[in-house]
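As the structure is a computational prediction, the values presented were derived from the model and not from experiment.
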Amino acid sequence: MANQLAKRGFHALRFDYKGTGDSSGDFCELTINQSLEDIHLVIEQFRQSFDISRIVLFGVRFGATLAIMYSKLAPVDALILWNPILDGSSYIKEINESYRRWLNGSFTKQSKGRNINYMENFGFQFSETFLNEIRGVRNIGKELDGSIPSLIFTEQDLGIDQRHLFTYEKPVSAEYWIKRENEFNKVMVPVYETNKTLAWITNLTS
C-alpha cells in the first residue's frame, strides 16, 4: 500500500507504536494515551520533514479505532478505517478465544492461575491498565465525524444513523501471494482493498 501510494506522489509513513514492533519500549507499558501521543508525534514529524498540506490516517483493527479517537482530539483531513474495533470488551474476548484455540493445538505449557497485573496473549503482556482502557471503548462508531471524509472497510454495524456521510466497502479478504524478483519469501497482499483505497484517496485529492 505504501509503495503504491508513493508511486502516485503521496508521502506514506508506516510506524510502530511505542512498545510494539521495532519501536523502543516494552509492550506491557503500552497505553491508549501513549499511542495517541505517538500518532501526534508522527504527524508533526511528517509536517516538518515534507511540504504536507493534508493528513490522512489509515488504521487496521485497533489502529483504526485509535485513528477515530485521534480525529476527535486534533484535525485530520480524512480517515481510512479497516475493520475498526467498536467494542473493547468484545475485542479482548475475541483475542482470548483465539489464543485458547491456538494453545489447544500447540505444545506450549500453560501457566497455572492468572497474574492480576497483566494478561499474556500470544507472547505479549497486556497490562491491567491497558486492558481497562480497551474495555472502556464502546460504540466507537458514534465518534465518527461526518465532516471528515472516511473510507470504511467493514461488515459490522457501526451503530450510526448517517451512513450516507461515509464511503463503505465490504472487505473481500481475497489475498494473493506475490513473489518479488530475487526474493525467496512471498508476501500476502489484499489486492481488492488496496485498489479501492488507492482509487478513493486519488479521487479525494484530485
> Would you compute the distance between atom CD1 of I39 and atom CD1 of I43 and round it to the nearest 0.5 angstrom?
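One finds 7.0 Å between CD1 of I39 and CD1 of I43.
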> Nearest 0.5 Å, please: how far is CD in E37 from NZ in K18?
8.5 Å
> Could you check whether D145 and S147, counting side-chain N and O atoms only, form a donor-acceptor pair closer than 3.5 Å?
yes
> Where do G146 and L165 come nearest, in terms of heavy atoms and distance?
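Between these two residues, the closest heavy atoms are CA-CD1, 3.8 Å.
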> Would you say the side chain of E133 lies within less than 4.5 Å of the side chain of N33, judging by non-hydrogen atoms?
yes
> Take L131 and I92 through the side-chain contact (heavy atoms from CB on, under 4.5 Å) test and state the conclusion after the steps.
CA-CA 8 Å; L131 288 171; I92 293 173; 3.9 Å; yes
> With a 4.5 Å heavy-atom cut-off, do H11 and L5 have their side chains touching?
no
> Please answer: with hydrophobic residues joined when any side-chain heavy atoms are less than 4.5 Å apart, are L66 and Y70 in the same cluster?
yes
> If every non-hydrogen atom of S127 is compared with every non-hydrogen atom of L30, which pair is closest and at what distance?
OG-O, 4.2 Å
> Report the C-alpha distance between L73 and H40 in whole Å, list the side-chain angles of each, state the deciding distance to 0.1 Å, and finish with yes or no for side-chain contact (heavy atoms from CB on, under 4.5 Å).
CA-CA 10 Å; L73 301 174; H40 182 72; over 6 Å; no
> S150 side chain to I148 main-chain N or O, any donor-acceptor pair under 3.5 Å?
yes
> Same cluster or not: I152 versus I80, using hydrophobic residues (I, L, V, M, F, W, Y) connected whenever any side-chain heavy atoms lie under 4.5 Å apart?
no
> Evaluate the side-chain contact (heavy atoms from CB on, under 4.5 Å) criterion for residues T154 and L81: first the C-alpha distance (whole Å), next the side-chain angles of each, then the deciding distance (0.1 Å), finally the verdict.
CA-CA 8 Å; T154 185; L81 311 169; over 6 Å; no
> Which pair of non-hydrogen atoms, one from S53 and one from D77, has the smallest distance, and what is that distance?
O-OD2, 4.2 Å
> Is a donor on one side and an acceptor on the other found under 3.5 Å between the side chain of T65 and the backbone of I85?
yes
> Are F10 and L151 connected into the same hydrophobic cluster when the rule is that any two of I, L, V, M, F, W, Y join if their side-chain heavy atoms are below 4.5 Å apart?
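They do share one cluster, since a chain of ILVMFWY contacts under 4.5 Å joins L151 to F10.
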> Do the side chain of S71 and the main chain of I68 share a donor and acceptor less than 3.5 angstrom apart?
yes
> Regarding E193 and K170, does a basic nitrogen lie under 4.0 Å from an acidic carboxylate oxygen?
no
> Give, for atom CH2 of W200 and atom CD of E169, the distance between the pair rounded to the nearest 0.5 Å.
11.0 Å
> Look only at the side chain of S206 and the backbone of N203, and say whether a donor-acceptor pair between them is shorter than 3.5 Å.
yes
> Using the rule that two of Ile, Leu, Val, Met, Phe, Trp, Tyr join whenever any of their side-chain heavy atoms come within less than 4.5 Å, decide whether L57 and F50 are in one cluster.
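Both belong to a single hydrophobic cluster.
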> Applying side-chain contact (heavy atoms from CB on, under 4.5 Å), run through F153 and V60 and close with a yes or a no.
CA-CA 9 Å; F153 291 98; V60 179; over 6 Å; no
> Give, for atom CD1 of I55 and atom CG of L79, the distance between the pair rounded to the nearest 0.5 Å.
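The CD1 atom of I55 sits 11.5 Å away from the CG atom of L79.
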> Show your working on side chain to side chain donor-acceptor pair (under 3.5 Å) between S89 and D87 and close with a plain yes or no.
CA-CA 6 Å; S89 294; D87 182 84; 4.6 Å; no
> Charged N to carboxylate O below 4.0 Å: is that the case for E143 and R138?
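The answer is no: the pair does not qualify as a salt bridge.
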> L86 and G141: which non-hydrogen atoms are nearest, and at how many Å?
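For L86 and G141, the tightest heavy-atom pair comes out as CD2-N, 4.0 Å.
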> At their closest point, which heavy atom of F62 faces which heavy atom of I134, and how far apart are they?
CZ-CG1, 4.1 Å
> Which value, rounded to the nearest 0.5 Å, describes the distance between L198 atom CG and R8 atom CZ?
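Interatomic distance, L198 CG to R8 CZ, rounded to 0.5 Å: 4.5 Å.
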> Roughly how far, to the nearest 0.5 Å, is CD1 of I32 from CE of M69?
4.5 Å
> When hydrophobic residues are tied together by side-chain contacts of less than 4.5 Å, even through go-betweens, does W82 share a cluster with L144?
no
> Over all heavy atoms of both residues, which pair between Q156 and P84 is shortest? Give the atoms and the distance, please.
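Heavy-atom minimum between the residues: NE2-O, 3.2 Å.
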> Would S90 and E94 satisfy side chain to side chain donor-acceptor pair (under 3.5 Å), going step by step from the backbone distance to the final call?
CA-CA 6 Å; S90 297; E94 175 187 333; over 6 Å; no
> Is it the case that the side chains of R135 and N132 hold a donor-acceptor pair, with the cut-off being a distance below 3.5 Å and no angle test?
yes
> Does D38 form a side chain to side chain donor-acceptor pair (under 3.5 Å) with Q34? I'd like the steps, not just the answer.
CA-CA 6 Å; D38 289 348; Q34 178 63 59; 2.9 Å; yes
